[in-house]
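So the structure is just underneath, and the comments pick up after that.
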Amino acid sequence: MPSLDQALLAALHNRQDLLAELHAQGTDCYRLFHGSQEGAGGLTIDRYGRQLLIQSFHQSLSRDELLQLAEQCQASLGKQLLLVYNDRSQGNSRIDRSDPVYQAEPAALEDLVGHEWGLNYRVRGRHAGQDPLLFLDLRNARGWVKAHSAGKSVLNLFAYTCGVGLSAAAGGAREVVNLDFAEGNLAVGRENGVLNPELTPMQFIQSDYFPAIRQLAGLPIAARRGHKLPPYPRLTPRQFDLVFLDPPAWAKSAFGTVDLLRDYQSLLKPAILATAEDGVLICCNNLAKVALADWREQVMRCASKLGRPLRDCQVVAPAADFPSLDGQPPLKTLILQF
Ligand SMILES: C[S@@+](CC[C@H](N)C(=O)[O-])C[C@H]1O[C@@H](n2cnc3c(N)ncnc32)[C@H](O)[C@@H]1O
């Protein structure tokens, strides 16, 4: 078993070509160390622009270990970065906000800007949520969206901070609609829009997924017996040229349960119906225990049951900063062309 600094050294060495490529394409947000696959489970090191974000998920790092890791990254990149350490070894990956090991300097916790595919993104080392504001393993999918959105209407479902919507706008989409039930996440999406003022402005719908997508798909919204539904925004049925479906692994609301293991179908079916006859649906499943082949099978079956045969089904894998020893990365993305 290599020591932590040897493991990081190897990871940084393995990324040299990728990082040159990313810098050339206007990207300075990427993973420098993907511990589970590179020799230190429960540890990740990411660069977000000027910020270096180190996160531990199993056990806390000591101050010496932390500073040594940061020093190695900075030496390899030839850049001083602002260090933020988020120890998430508590239950539910909650960030320990008492900073017992290392207190970030105030500049590291200010609102910063990171870049991906030439776009500006809000970077914040600490905020109300637990995860960083941009999920880095989705970069290649966002790149595909940017390259294939010209002139299209785009619906970004479970939009979070609207990175997919922003990529569509940058690719020349004529209309971009982001949908999420969390106003705080959409607020960062709005900031991302403001940080890229040259793009067509995006639209934002704050709604639970189920009533929104079922209305767009022209399906009824049923309450469970004896339960009254909370209010929800009214939408007219319509289809989009490109739909992006990237749900969380599990989430329960008054309208339904998002459950990627047991019931992908109830998310996928209305999303297919809200995709134009000759449109594209990009769908994701980030649950490690779901195998790509099984999930792809389910997805194809659902499309065929709805009488929507596919012209093509393509897999987009995360980039090499998310290596996978068994070739089965947790994040699986399919591009379905109808
Ligand atoms: C894993 S993130 C999605 C990542 C996002 N697609 C991206 O590109 O970064 C999950 C998002 O789903 C939202 N969410 C979870 N359950 C929801 C529901 N029932 N309806 C609408 N949004 C939901 C959360 O607020 C969160 O923003």
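Along the sequence shown, the residues carry numbers beginning at 1. Numbering of ligands and ligand atoms starts at 1, following listing order. Basis for what follows: all heavy atoms, side chains included, without hydrogens, waters or symmetry-related copies.
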Identify all N/O pairs between ligand 1 and the protein with a separation under 3.5 Å and present them as a table of atom names and distances.
| unit_1 | atom_1 | unit_2 | atom_2 | d |
| --- | --- | --- | --- | --- |
| ligand 1 | 6 (N) | F158 | O | 2.9 |
| ligand 1 | 6 (N) | D246 | OD2 | 2.8 |
| ligand 1 | 19 (N) | D208 | OD2 | 3.3 |
| ligand 1 | 20 (N) | Y209 | N | 2.8 |
| ligand 1 | 22 (N) | F181 | N | 3.2 |
| ligand 1 | 25 (O) | D180 | OD1 | 2.7 |
| ligand 1 | 25 (O) | N185 | ND2 | 3.3 |
| ligand 1 | 27 (O) | D180 | OD1 | 3.4 |
| ligand 1 | 27 (O) | D180 | OD2 | 2.6 |
| ligand 1 | 27 (O) | N185 | ND2 | 2.9 |

* To do: Measure from the ring center of H23 to the ring center of Y30 and say whether it is less than 6.0 Å.
  =>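 Ring centroids of H23 and Y30 are less than 6.0 Å from each other.
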- Residues that R139 engages under salt bridge (Lys or Arg N to Asp or Glu O under 4.0 Å), provided they are two or more places apart: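 With sequence neighbours excluded, R139 shows a salt bridge (Lys or Arg N to Asp or Glu O under 4.0 Å) to D321, given in chain and number order.
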Check your understanding: So Y160 and F135, would you call those rings parallel, tilted or perpendicular, with 30° and 60° as cut-offs?
Key ->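 Taking F135 first and then Y160, their aromatic rings sit tilted (interplane angle of 30° to 60°).
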Could you list all the salt bridge (Lys or Arg N to Asp or Glu O under 4.0 Å) pairs where at least one residue sits in residues 249-267, not counting sequence neighbours?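 Salt bridge (Lys or Arg N to Asp or Glu O under 4.0 Å) check on residues 249-267 returns D259-R262.
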- Check the surroundings of atom CZ in R308: do more than 12 heavy atoms from other residues, nucleotides or ligands lie under 6.0 Å from it?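 Yes, because the 6.0 Å sphere around CZ of R308 holds more than 12 heavy atoms from other groups.
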Item to check | Residue list, side-chain hydrogen bond (donor to acceptor under 3.5 Å, both in side chains) with T200, at least two apart or on another chain | outcome: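 For T200 there are no side-chain hydrogen bond (donor to acceptor under 3.5 Å, both in side chains) partners, ignoring immediate neighbours.
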